[in-house]
Colleague: 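Below: one structure in structure tokens.
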Amino acid sequence: MTSQELSRTVDALAGYAMEKKLIAPEDRVWAVNSLLAALGADEYIEGGEAVQGPLAELLERLATHAVKAGLCGEDITSRDLFDTRLMGLLTPRPSQIIGEFWSRYGDSPQSATDWYYAFSQDVNYIRRERIARDRKWVAPTEYGDLDITINLSKPEKDPRAIAAAKKAPQSGYPKCQLCRENEGYAGRMNHPARQNLRVIPVSIDGQDWFFQYSPYVYYNEHCILFNGAHVPMKIDAATFRKELDFVTQFPHYFVGSNADLPIVGGSILSHDHFQGGRYTFAMERAPLEETLAFPGFPGIKAGIVRWPMSVIRLTGGDKEALIQLADGILTAWRGYTDEAAGIFDQTGGEPHNTITPIARRRGEDYELDLVLRNNRTTPEYPLGVFHPHQELHHIKKENIGLIEVMGLAVLPARLKGELAALAGALAAGADLGLPIAKHVMELMGGTVTAQTLPDGGGSLTASLNLRLQEETQAHAVPLSKGERRVLVVEDNELNREIAVDLLEEAGFLADTAGDGAEAVEKVKNSRPGYYALVLMDLRMPVMDGHSAARAIRALENPELANVPIVALSANTFDEDRKQSAECGMNAHLAKPLDIDHLLELIDGMTANGV
């Protein structure tokens, strides 16, 4: 990026900040100079074509400039740290945001949250372009329509970021990602940047709490309410009182708490917090299948919810009566044992029973859903007796927390590629024997590899570690190759995983790209010599392999442009090989990947100085 192009991009970002009222017109020169300083630029060049584009695109351009200028690393974590720093320069101070929020609250609670939710997106704390990637659908069930989402908005760290995080100095500040001290924090490789985070102080049951939105927005207006003190999660009568106080102040939101025990709790048990928002989950829509009567509480309607978990619903207008009854149910459940059902209140002094409570308004009434939880484990079910068992862990094995309890299954990002690969295979009438065998072997801690034989046949190799005293390696690779990195470019996730496994077993480092465009960007933004080889599939969406090879060969940096590229295709006729060569590829290999053939090819390239 030239100095003039950098100036125009900075101009565009400052213009965006003015449009979103993050800065006033009088702040523009100051904002431009602040951005230039962060970008290591000491001059502003007038003229040139104006830069246009969405916020994510502007930040991507500036982060790429920072990578090339050595201001940040090329991995996604480093780029996020840097672009958050830029947005932090344009984010108003906390006192301004707090004042605006409570001024709007004077009109209505919804007016305040509507503005604050939009603001959290405008400053890129909630990254709109990443949220838009999430895949969502509804699954009709006997319990109602359940929401399912594959979460793609939370970036997966690549190996470089993971390695850097391990090497990063350990710090006790902030104590966790929910502490107030995150507001404005610059972040580090093992802790996200929060310069663009602004939190709202609220009084909950007479205590200092803070309100913010989740950056990942699993559902509409997904908010987090956290204690001003770093104290652990605890479910008790005070929990019910705080939840009812919150929905009194924000009646258009629900609020719930994860349980306070491992496995049935959320990912953060060390800091007391709730989650809420403006969304109607399937559990809220579920009817009562049985009514209950509690002596001494005539004004409370109670019953068992028709839901796949054990849920008691309490509805009434008297908050204190609801709190008293909910606390009584909690106390009874804490000490409840039913050996026939496998429920034990404790084993070896370790408690197992707790509750996931959710509060909402139902017209003028208040409503509490109390979900009975038990986290007992056994050698057969080490992740929980009342938790999805091992045969479902290929879908998800993380905690079943508050969000899943209410009827939203948040699935890992890897399923997008896996489901797409499966759909494509089914549509093509493919034999799924190998993928199924691979999955079964991986569950057993083994591997499955395939290769094409010279006579046109094939072989399938299954490897399972049976803990023999001596282990052998399939390939003995010289140490010099063990340090080399291969970029695997393949849109089919299963094929990509197999290629990575084969390369890593052979002693190579592997990085991946899902299409040609992503591959070009990775090569373009890498340092010379970072990739020793690009293994390029040819038929891919967005940008095919031939186009990607031509784009790489056209890069300005000759050291990057000349990286060896090997085509990988099911088509290996002379015409196919010729087309790959014309695009600048060094070789053309057949699918599925034959690791021995690739090693021979690499040896040949090394010998010839390629």
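These figures come from a predicted structure and were not determined experimentally.
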Colleague: Kindly say whether I224 contributes a backbone atom to a donor-acceptor pair with the side chain of Q212 at under 3.5 angstrom?
Modeller: no

Colleague: The criterion is ring pair (Phe, Tyr, Trp, His ring centres under 6.0 Å); which residues satisfy it with F82, sequence neighbours excluded?
Modeller: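 None.
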
Colleague: Output yes when D83 and R127 qualify as a salt bridge under the 4.0 Å nitrogen-oxygen rule, no when they do not.
Modeller: yes

Colleague: Between D145 and R285, is the closest basic N to carboxylate O distance under 4.0 Å?
Modeller: no

Colleague: Got a sec, which residues hit ring pair (Phe, Tyr, Trp, His ring centres under 6.0 Å) with H273, two or more places apart in sequence or on another chain?
Modeller: none

Colleague: Less than 4.0 angstrom from a charged side-chain N to a carboxylate O is my criterion; do E284 and R360 meet it?
Modeller: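 Salt bridge flag = yes for R360 with E284.
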
Colleague: Counting distance only, does the side-chain N/O of H271 pair as donor-acceptor with the main-chain N or O of N227 below 3.5 Å?
Modeller: yes

Colleague: Write down the atom of R313, the atom of M283, and the distance for their closest heavy-atom approach.
Modeller: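 That closest heavy-atom pairing would be NH2-O, 2.8 Å.
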
Colleague: Quick check for you: to the nearest 0.5 Å, what is the distance between I400 atom CD1 and L383 atom CG?
Modeller: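 Answer for the CD1-CG pair, I400 versus L383, is 10.5 Å.
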
Colleague: Would a 4.5 Å heavy-atom cut-off, applied to side chains only, mark D272 and F226 as touching?
Modeller: no

Colleague: With the side chain counted from C-beta on, respond yes when T91 and Q96 share a heavy-atom pair under 4.5 Å apart, and no when they do not.
Modeller: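 Sidechains of Q96 and T91: no contact.
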
Colleague: Do R361 and Y366 form a cation-pi contact, if we require the NZ or CZ to be under 6.0 Å from the six-membered ring centre and within 45 degrees of the ring's axis?
Modeller: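 Yes, a cation-pi geometry holds between R361 and Y366.
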
Colleague: Can you tell me if W115 uses its side chain to pair, donor with acceptor, with the backbone of Y105 under 3.5 Å?
Modeller: no

Colleague: Please verify the inter-ring angle class for Y279 with F281; under 30° counts as parallel, over 60° as perpendicular, anything in between as tilted.
Modeller: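 The arrangement is perpendicular - the two ring planes meet at more than 60°.
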
Colleague: Taking the six-membered ring of F254, is NZ or CZ of R278 closer than 6.0 Å to its centre and within 45° of its axis?
Modeller: no

Colleague: Is there a side-chain hydrogen bond (donor to acceptor under 3.5 Å, both in side chains) between Q121 and R128? Walk through the geometry before answering.
Modeller: CA-CA 7 Å; Q121 296 174 75; R128 287 187 176 102; 3.3 Å; yes

Colleague: Counting only heavy atoms not in K301 (residues, nucleotides, ligands), do more than 12 fall under 6.0 Å from its NZ?
Modeller: no

Colleague: How far apart are the closest heavy atoms of A193 and A186, and which atoms are they?
Modeller: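 Scanning both residues, the minimum pair turns out to be CB-O, 3.2 Å.
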
Colleague: Go through the steps for S78 and D75 under the test side-chain hydrogen bond (donor to acceptor under 3.5 Å, both in side chains), then give the verdict.
Modeller: CA-CA 6 Å; S78 298; D75 59 272; 2.9 Å; yes

Colleague: Would you sort out whether K175 and E181 count as a salt bridge (Lys or Arg N to Asp or Glu O under 4.0 Å), showing the intermediate values?
Modeller: CA-CA 8 Å; K175 291 186 178 70; E181 290 75 24; over 6 Å; no

Colleague: Measuring from atom CG of D245 to atom CG of D205, what distance do you get when rounded to the nearest 0.5 angstrom?
Modeller: 6.0 Å

Colleague: Assess whether side-chain contact (heavy atoms from CB on, under 4.5 Å) is satisfied between E490 and D515, documenting all intermediate values.
Modeller: CA-CA 6 Å; E490 168 66 71; D515 58 65; over 6 Å; no

Colleague: In Å, rounded to the nearest 0.5 Å, how long is the span from CH2 of W102 to CD1 of I200?
Modeller: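 Taking CH2 in W102 and CD1 in I200, the distance rounds to 8.0 Å.
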
Colleague: Side chains of N374 and H352 only: does a donor on one sit below 3.5 Å from an acceptor on the other?
Modeller: no

Colleague: After noting the C-alpha distance and the side-chain angles of D345 and R376, does the key distance pass the salt bridge (Lys or Arg N to Asp or Glu O under 4.0 Å) rule?
Modeller: CA-CA 9 Å; D345 66 324; R376 187 172 70 88; over 6 Å; no

Colleague: Looking at every heavy atom in both N258 and M233, which two are closest together, and how far apart are they?
Modeller: O-CE, 3.4 Å

Colleague: Looking at residues at least two apart in the chain, or sitting in another chain, which of them share a side-chain contact (heavy atoms from CB on, under 4.5 Å) with A326?
Modeller: F240, L314, L368, L370

Colleague: Does S103 have any side-chain contact (heavy atoms from CB on, under 4.5 Å) partners at least two apart in sequence or in another chain, and if so, which?
Modeller: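 For S103 there are no side-chain contact (heavy atoms from CB on, under 4.5 Å) partners, ignoring immediate neighbours.
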
Colleague: Going through the distances and angles, do S214 and Q275 end up as a side-chain contact (heavy atoms from CB on, under 4.5 Å)?
Modeller: CA-CA 9 Å; S214 166; Q275 296 181 75; 5.9 Å; no

Colleague: Working to the nearest 0.5 Å, report the span between CG of L225 and CZ of F210.
Modeller: 10.5 Å

Colleague: Taking the side chain as C-beta and beyond, is there a heavy-atom pair between N182 and L197 under 4.5 Å?
Modeller: yes

Colleague: Sequence neighbours left out, what passes ring pair (Phe, Tyr, Trp, His ring centres under 6.0 Å) with F294? Give chain and number order.
Modeller: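 Ring pair (Phe, Tyr, Trp, His ring centres under 6.0 Å) check on F294 returns nothing, list empty.
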
Colleague: Side chains of D236 and T239: is there a donor and an acceptor less than 3.5 Å apart?
Modeller: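 Yes - a donor-acceptor pair under 3.5 Å links their side chains.
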
Colleague: Within the 3.5 Å criterion, strictly below it, is a donor on E367 or T315 matched to an acceptor on the partner's side chain?
Modeller: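 Result is yes, a qualifying pair exists.
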
Colleague: Begin from the C-alpha positions of H387 and V264 and carry the test side-chain contact (heavy atoms from CB on, under 4.5 Å) through to its verdict.
Modeller: CA-CA 8 Å; H387 181 280; V264 295; over 6 Å; no

Colleague: Closest heavy-atom contact between L152 and A413?
Modeller: CD2-CB, 3.5 Å

Colleague: So do the side chains of R306 and E290 get within less than 4.5 Å of each other, counting heavy atoms only?
Modeller: no

Colleague: Answer yes or no: does atom NZ of K136 have more than 12 heavy-atom neighbours from other residues, nucleotides or ligands under 6.0 Å?
Modeller: yes

Colleague: Indicate the atoms forming the closest heavy-atom contact of D134 with T149, along with that distance.
Modeller: CB-OG1, 4.1 Å

Colleague: Can you tell which of R188, R130, R194 makes a salt bridge (charged side-chain N to carboxylate O under 4.0 Å, His left out) with D80?
Modeller: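 Of the listed options, the one satisfying the test is R130.
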
Colleague: Test N353 against every option in L372, L330, I343 by the side-chain contact (heavy atoms from CB on, under 4.5 Å) rule and name the one that passes.
Modeller: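 Going through L372, L330, I343 one by one, the side-chain contact (heavy atoms from CB on, under 4.5 Å) with N353 is satisfied by I343 alone.
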
Colleague: Apply the side-chain contact (heavy atoms from CB on, under 4.5 Å) test between T354 and each candidate in V371, N375, L261; give the one that qualifies.
Modeller: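 Result for side-chain contact (heavy atoms from CB on, under 4.5 Å) with T354: L261.
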
Colleague: Does F211 have its ring centroid less than 6.0 Å away from the ring centroid of F250?
Modeller: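 Centroid separation for F211 and F250: below 6.0 Å.
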
Colleague: What closest approach, in Å, do Q195 and R198 show between heavy atoms, and which atom pair accounts for it?
Modeller: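 In this case the closest contact between Q195 and R198 is O-NH1, 2.9 Å.
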
Colleague: Regarding T356 and R373, is there a side-chain donor-to-acceptor distance under 3.5 Å anywhere?
Modeller: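 Note: T356 and R373 side chains meet the donor-acceptor criterion.
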
Colleague: Do the two ring centres, one from H222 and one from Y216, sit under 6.0 Å apart?
Modeller: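 Centroid distance H222-Y216: not below 6.0 Å, so no.
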
Colleague: Hey, would you say the Y173 and Y185 ring centroids sit under 6.0 Å apart?
Modeller: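 Aromatic pair counts; centres sit under 6.0 Å.
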
Colleague: What pairs with D208 under salt bridge (Lys or Arg N to Asp or Glu O under 4.0 Å), at least two apart in sequence or on another chain?
Modeller: none

Colleague: Can H230 and S270 be said to form a side-chain contact (heavy atoms from CB on, under 4.5 Å), step by step?
Modeller: CA-CA 7 Å; H230 184 74; S270 61; 3.9 Å; yes

Colleague: With a 4.0 Å cut-off, would you call R241 and D327 a salt bridge?
Modeller: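 Looking at D327 together with R241, the answer is no, because their closest N to O distance does not fall below 4.0 Å.
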
Colleague: How are the rings of Y116 and Y213 set relative to one another: parallel (under 30°), tilted (30 to 60°) or perpendicular (over 60°)?
Modeller: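 Answer is tilted, since the angle falls between 30° and 60°.
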
Colleague: Less than 4.5 Å apart, any side-chain heavy atom of I204 and any of E243?
Modeller: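 I204 vs E243: side chains apart.
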
Colleague: Examine F274 together with W209 and report whether their ring centres are nearer than 6.0 Å.
Modeller: yes

Colleague: Tell me, yes or no, whether the heavy-atom count around E339 atom CD, taken from other residues, nucleotides or ligands under 6.0 Å, exceeds 12.
Modeller: no

